[in-house]
Structures are given as structure tokens and as C-alpha cells.
Amino acid sequence: MATVRLLPISRWLTCVSHCVRNVSTSGGALSPERPHVSAAAFEKGCTGYYCNRNPRNLELLGLADKPKGFETKNQRVDYYHRLMLDVSSRHVTAYVNHSNGVKVVEASTKEFCISRHLYKTSDVCAALNVGRVLAERCKETGLYRVMWEHKYDREHKKVKAFIKAFSRSGVRLHEPKVRKTLPSPGTLPI
């Protein structure tokens, strides 16, 4: 069995600060050459190279542009991830859509692993459990903020139970505001 050696926080911070300093002085993180790393920093476990491969990093920071869409459309499109709830007479289905139209996460009482624990697949208890399961799946995929725009009446018991279970699990029902980045000094605005 392999053992993992953890660095104390003070050594880790000095290593990270040294790596960032080397990356910034070597021409940026996007340069194909690896920056020079001293032997002391290499012994601490610092390679001097960092590449963020998370495609949603700008969305999580609120720096990516949200699609604006047309003002005449009846549905908003200015979101990164949108929570949708479909309540029918037989099933409760909830899912999270990305702004490009792809379903990221879904939970439904049509799934056997959820419906086998329920007495009925369309009551308040079913909506509560679908909200709890969907929130756990969102956290597993790294979604901690989604936009909730309800098409149902918020006073409906099923919707109340779903939202209560979803928000209690630690997922926020609003997204970060888009931060406008200012151009660097000495450049002309486009």
C-alpha cells in the first residue's frame, strides 16, 4: 500500500509562492517551456508549473460571460446552470441544464433506485427526496450554485418541499454576478 506524504501548511505555502513566482517571471503559465526550479524547491515537491484544466473555472469565479439572448423570449438565458423541475401526475423529475443546452445532472422518480424507497412517485415526499438526491449529485459534480426560476407557484407543497430539501443540502439557488474586468492601463478599450 502506498503512503502519501503531506506537507505542513507553511512548507506548502512557501512552495506554492515559489512556484507562482517562477511561473510569473518565466513568461506566464501558458509558455510551453517549463520554468526553472531551484533544487531546494524541487525537494519540497514544487515543480514550478501550474495549468488549470477546469473548463468551468471562469464560470465558478463569475468571470465568464453569460449568454444574453433576446429580450422578446419568454425564458431567460442569462445563466450558467439552471435548475428545472417537472411535476406530472405520475412522476417528479428535476435536472440542471447548462447554458449550452446540455443536461448536467438529473434525478427522477422514474429511476428504480429512488422509486423503490417511496410509497408514491408523485407526492410531496417524492419531491422532497428528488430534491435531496439532486443536490447531492450537484455537489458531486462540483455545482454549488444554480439559477432557480420557477414556472410553478412557489406556494405549491411539492415545490416548497423540493426547494427546502435542495437548499438545505448546501446548494445555493442563485448564481454569482458577472464581474466586469477592467482593461490593463495603457490599452484602448475595444
Side-chain angles (χ1 to χ4, degrees), residues 9 13 16 20 29-30 50-111 113-115 117-118 120-184 189-190:
I9 192 70
L13 286 175
V16 169
V20 170
L30 298 177
Y50 175 74
C51 178
N52 189 354
R53 296 184 307 207
N54 186 355
R56 291 186 11 248
N57 189 39
L58 293 177
E59 292 177 3
L60 295 174
L61 294 173
L63 296 174
D65 290 331
K66 291 183 181 181
K68 294 184 178 133
F70 296 107
E71 293 181 6
T72 57
K73 288 187 88 172
N74 58 354
Q75 289 184 350
R76 293 176 53 186
V77 292
D78 58 337
Y79 59 88
Y80 299 128
H81 297 95
R82 181 179 189 177
L83 176 64
M84 302 290 289
L85 175 68
D86 292 331
V87 180
S88 68
S89 60
R90 300 185 94 191
H91 294 286
V92 177
T93 304
Y95 54 92
V96 176
N97 263 355
H98 192 268
S99 60
N100 61 7
V102 177
K103 278 188 187 178
V104 181
V105 184
E106 182 175 13
S108 175
T109 55
K110 295 175 187 174
E111 300 173 22
C113 59
I114 297 175
S115 64
H117 297 289
L118 301 172
K120 195 173 178 185
T121 58
S122 63
D123 60 348
V124 176
C125 183
L128 183 124
N129 285 310
V130 166
R132 188 171 32 183
V133 169
L134 183 68
E136 290 300 320
R137 290 180 184 175
C138 284
K139 288 193 292 187
E140 287 175 4
T141 57
L143 295 175
Y144 292 96
R145 292 180 172 198
V146 294
M147 185 192 83
W148 165 252
E149 185 178 73
H150 52 86
K151 63 181 178 182
Y152 298 106
D153 183 20
R154 214 170 233 231
E155 299 302 318
H156 198 274
K157 289 181 183 178
K158 292 178 188 176
V159 177
K160 270 186 174 179
F162 174 78
I163 292 301
K164 189 175 187 180
F166 192 81
S167 60
R168 276 190 180 175
S169 296
V171 182
R172 294 184 183 175
L173 294 175
H174 58 85
E175 289 188 330
K177 293 181 180 177
V178 177
R179 291 188 245 169
K180 300 292 182 187
T181 56
L182 297 174
S184 59
I190 297 174

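Quick note: numbers below take in every heavy atom, side chains included, and nothing from hydrogens, waters or symmetry partners. What you see is a predicted model, and the numbers here were worked out from it, not measured in a lab.
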Distance (rounded to the nearest 0.5 Å) between [X] [atom1] and [Y] [atom2]:
X    : Y    : atom1 : atom2 : value
R132 : F162 : CZ    : CZ    : 12.5 Å
R90  : T109 : CZ    : OG1   : 10.0 Å
S167 : H174 : OG    : NE2   : 10.5 Å
I163 : L83  : CD1   : CG    : 6.0 Å
K158 : L128 : NZ    : CG    : 13.0 Å
L173 : M147 : CG    : CE    : 11.0 Å

V105/L134 under side chain to side chain contact (heavy atoms under 4.5 Å, CB included): CA gap, chis, key distance, verdict: CA-CA 7 Å; V105 184; L134 183 68; 3.6 Å; yes
Closest contact, heavy atoms only, [X] versus [Y]:
X    : Y    : result
S122 : S88  : CB-O, 4.1 Å
V92  : A127 : CG1-CA, 4.1 Å
A135 : S169 : CB-CB, 3.4 Å
E175 : V146 : CG-C, 3.9 Å
V130 : S108 : CG2-C, 4.3 Å

The ring pair (Phe, Tyr, Trp, His ring centres under 6.0 Å) partners of H117 (sequence neighbours excluded) come to none
With H91, which residues qualify under ring pair (Phe, Tyr, Trp, His ring centres under 6.0 Å), at least two apart? none
So, the side chain of R137 versus the backbone of E106: is there a donor-acceptor pair under 3.5 Å, distance only? yes
Indicate yes or no for a side-chain donor-acceptor contact from K160 to the backbone of V124 under 3.5 Å, with no hydrogens or angles considered. no
Going by the rule side chain to side chain donor-acceptor pair (under 3.5 Å), which residues pair with N97 if we only count those two or more places apart in sequence or in a different chain? none
With a 6.0 Å cut-off (strictly less than), is the heavy-atom count around NZ of K139, excluding the residue itself, greater than 12? yes
